[in-house]
A.B. asks: 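Sharing a structure, written as structure tokens. Questions coming.
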Amino acid sequence: MSQRRILFIGASGYIGGSILDRFLQSADAAIKSASYTALVRSQDQASKLKEHNVSPILFQGLNDTDILRKYASEHDIVVNSANAFNTDAAKALILGLSDRKKQTGTDTIYLHTSGTSSIGDYPVPTETADRWVLSDANDDVYAHLTKLEGQRPYAQRTTDIAVVDTGIAANVKTFIVMSPTIYGKGTGLFNQQTIQIPGIIKRALRRGKTPFHSTGAGNWDHVHIEDLSELYELLLSRILAQEAVPSGKTGIYFSENGHYNWREAAEKVATVGRELGALSTSEVEGLGSVEWMTCVDAAATASAVQASELGFASWSRTTADLGRKMSWAPKHGDASWQAHVTPTFKAVWEKKL
Ligand SMILES: NC(=O)c1ccc[n+]([C@@H]2O[C@H](COP(=O)([O-])OP(=O)(O)OC[C@H]3O[C@@H](n4cnc5c(N)ncnc54)[C@H](OP(=O)(O)O)[C@@H]3O)[C@@H](O)[C@H]2O)c1
């Protein structure tokens with residue numbers, strides 16, 4: 001097979017940078033020998049990527065959908081790990097891949113990054129009791145997303161559904177990796193820090209006391225960034241080997257390897273903060289949505305509050321059966337999850353965020 005052309009959006013990010021790093025070092029000949037292009041927003045990022053054999057292209061950002069479509073149309077595979085809430089950007093990339101397919105007659109592939117806040121319960125739970133666990137292989141995740149979206153739209157979920165629908169309409173194979181809380185140091189060239197646990201730590205340092213969002217009663221899953229990067233690599237490897245890999249409505253892949261409770265996560269952060277001498281108390285406290293946003297100087301718009309409730313307080317449990325059926329074998333479980341809090345706390349504290 002000829003050399004495949006892969007376009008990255010979000011290569012400077014935590015997830016995108018880690019996936020790109022993994023692909024560049026892949027033992028899979030088709031992945032390793034592919035040509036890599038990345039759309040980025042700064043000259044510094046462009047220069048550094050060039051040193052690593054990635055062809056950079058400077059662009060204005062995700063709202064420049066004509067540019068996204070144009071560059072996607074020059075590639076066989078697009079990996080989009082930028083802002084998962086930008087529906088028009090995702091659609092433009094898929095339409096560009098459709099243009100490519102019409103020109104070459106060869107299948108094109110769209111690999112999208114999303115998060116399990118898309119399936120989070122709303123309103124957030126008020127008591128810790130076991131609820132549902134959704135399987136990517138045994139449950140109809142697409143139908144579940146559509147049902148939730150009909151009840152109360154959420155931009156990330158709107159994008160997930162648009163990815164599947166646009167892919168079907170435009171004859172492009174789409175794959176969504178919908179991850180829970182990702183943790184561990186990223187391996188990319190730029191941002192190496194994730195979002196949620198650092199978000200709790202930042203608030204703890206600001207307030208002097210560790211908060212949990214709302215009731216703290218919800219449970220979520222976790223996955224280590226190295227295991228997640230391996231899942232992307234495995235998925236692409238199987239796709240390029242032309243194996244029968246679920247795509248479109250059945251191509252929504254979860255990626256967990258353990259789970260946690262929000263209040264307990266805050267308690268762990270508080271204990272670590274106290275041990276490190278960064279906090280004077282290991283007590284925790286619940287914060288309402290608006291206070292949760294404003295205590296890190298974020299605007300409490302309706303959409304930001306919704307994202308914070310779904311992403312820091314909801315119940316969202318999954319099983320990554322599709323990946324495991326492909327022999328994905330994550331190595332980092334609950335012990336890694338517990339152990340990562342100390343280095344993460346130190347990293348956030350040292351940056352004085
Ligand atoms: N981390 C997690 O635990 C997790 C789990 C599941 C899903 N997600 C979702 O996955 C996405 C990526 O997460 P991440 O942790 O990798 O975030 P990140 O480190 O902040 O990376 C975001 C990437 O997207 C790019 N980007 C953002 N807005 C852009 C815009 N308007 N135009 C062009 N590029 C833009 C950034 O480029 P610049 O360098 O130019 O800013 C960066 O490359 C997010 O939507 C996040 O909500 C995250």
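For ligands, and for the atoms within them, numbers begin at 1 and follow the listed sequence.
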A.B. asks: Can you tell me if Pro180 contacts ligand 1 (heavy atom of the residue under 4.0 Å from the ligand)?
C.D. replies: yes
A.B. asks: For residues Thr106 and Asp76, determine if any side-chain heavy atom of one lies less than 4.5 Å from a side-chain heavy atom of the other.
C.D. replies: no
A.B. asks: May I ask you to list the atoms of ligand 1 that are less than 4.0 angstrom from any heavy atom of Ser12?
C.D. replies: 36 (C), 37 (O), 38 (P), 39 (O), 42 (C), 43 (O)
A.B. asks: May I ask you to identify the nearest protein heavy atom to atom 21 (O) of ligand 1, giving residue, atom name and distance to one decimal place in Å?
C.D. replies: Gly13 CA, 3.2 Å
A.B. asks: Less than 4.0 Å is my threshold; does some heavy atom of Met178 fall inside it relative to ligand 1?
C.D. replies: no
A.B. asks: In the structure I gave you, are the side-chain heavy atoms of His112 and Val177 within less than 4.5 Å of one another anywhere?
C.D. replies: no
A.B. asks: Counting non-hydrogen protein atoms only, what is the nearest one to atom 13 (O) of ligand 1? Give residue, atom name and distance.
C.D. replies: Ile15 CD1, 3.6 Å
A.B. asks: Would you mind listing which atoms of ligand 1 come within a distance below 4.0 Å of any non-hydrogen atom of Gly115?
C.D. replies: 6 (C), 7 (C)
A.B. asks: Short N/O distance, under 3.5 Å, between Phe85 and ligand 1?
C.D. replies: no
A.B. asks: Kindly assign one of parallel, tilted or perpendicular to the pair Tyr183 and Trp337, based on the angle between their ring planes and the thresholds 30° and 60°.
C.D. replies: perpendicular
A.B. asks: If you measure from atom 15 (O) of ligand 1 to every heavy atom of Asn191, Thr194, Ile195, which option wins on shortest distance?
C.D. replies: Ile195
A.B. asks: From the options Gly199, Gly10, Ser255, Ala84, select the one whose nearest heavy atom is closest to atom 44 (C) of ligand 1.
C.D. replies: Ala84
A.B. asks: Just which atoms of ligand 1 are under 4.0 Å from any heavy atom in Ser81?
C.D. replies: 12 (C)
A.B. asks: Mind checking whether Phe59 has a heavy atom under 4.0 Å from ligand 1?
C.D. replies: yes
A.B. asks: Tell me, do Leu236 and Leu240 make a side-chain contact under 4.5 Å, heavy atoms counted?
C.D. replies: yes
A.B. asks: I want to know if ligand 1 touches Arg41 in the polar sense, i.e. an N/O pair below 3.5 angstrom.
C.D. replies: yes
A.B. asks: Going by distance alone, is a donor N or O of one side chain under 3.5 Å from an acceptor N or O of the other, for Ser33 and Gln3?
C.D. replies: no
A.B. asks: Report yes or no: is the cationic atom of Arg152 (NZ for Lys, CZ for Arg) closer than 6.0 Å to the six-membered ring centre of Tyr122, at no more than 45° off its axis?
C.D. replies: yes
A.B. asks: Between Phe312 and Phe212, is the gap from one ring center to the other below 6.0 Å?
C.D. replies: no
A.B. asks: Could you tell me whether Arg317 sits above the aromatic face of Trp132, with NZ or CZ closer than 6.0 angstrom to the six-membered ring centre and within 45 degrees of the axis?
C.D. replies: no
A.B. asks: Give the atom numbers and elements of ligand 1 that come within less than 4.0 Å of a heavy atom of Ser114.
C.D. replies: 6 (C), 7 (C)
A.B. asks: For ligand 1, which atoms have a heavy atom of Thr113 less than 4.0 angstrom away?
C.D. replies: 10 (O)
A.B. asks: Which of the numbered atoms in ligand 1 are under 4.0 angstrom from any heavy atom belonging to Gly61?
C.D. replies: 32 (N), 33 (C)
A.B. asks: Has Arg4 got its NZ or CZ under 6.0 Å from the middle of the six-membered ring of Tyr36, at an angle within 45 degrees of the ring axis?
C.D. replies: no
A.B. asks: Determine, for Phe190 and Lys48, whether the Lys NZ or Arg CZ falls below 6.0 Å from the six-membered ring centre while staying within 45 degrees of the axis.
C.D. replies: yes
A.B. asks: Any chance NZ of Lys249 has more than 12 other-residue heavy atoms, nucleotides or ligands included, within less than 6.0 Å?
C.D. replies: no
A.B. asks: So which heavy atom in the protein is nearest atom 11 (C) of ligand 1, and how far is it from that ligand atom?
C.D. replies: Ala82 O, 3.4 Å
A.B. asks: Does an N or O anywhere in Gln45 fall below 3.5 Å from an N or O of ligand 1?
C.D. replies: yes
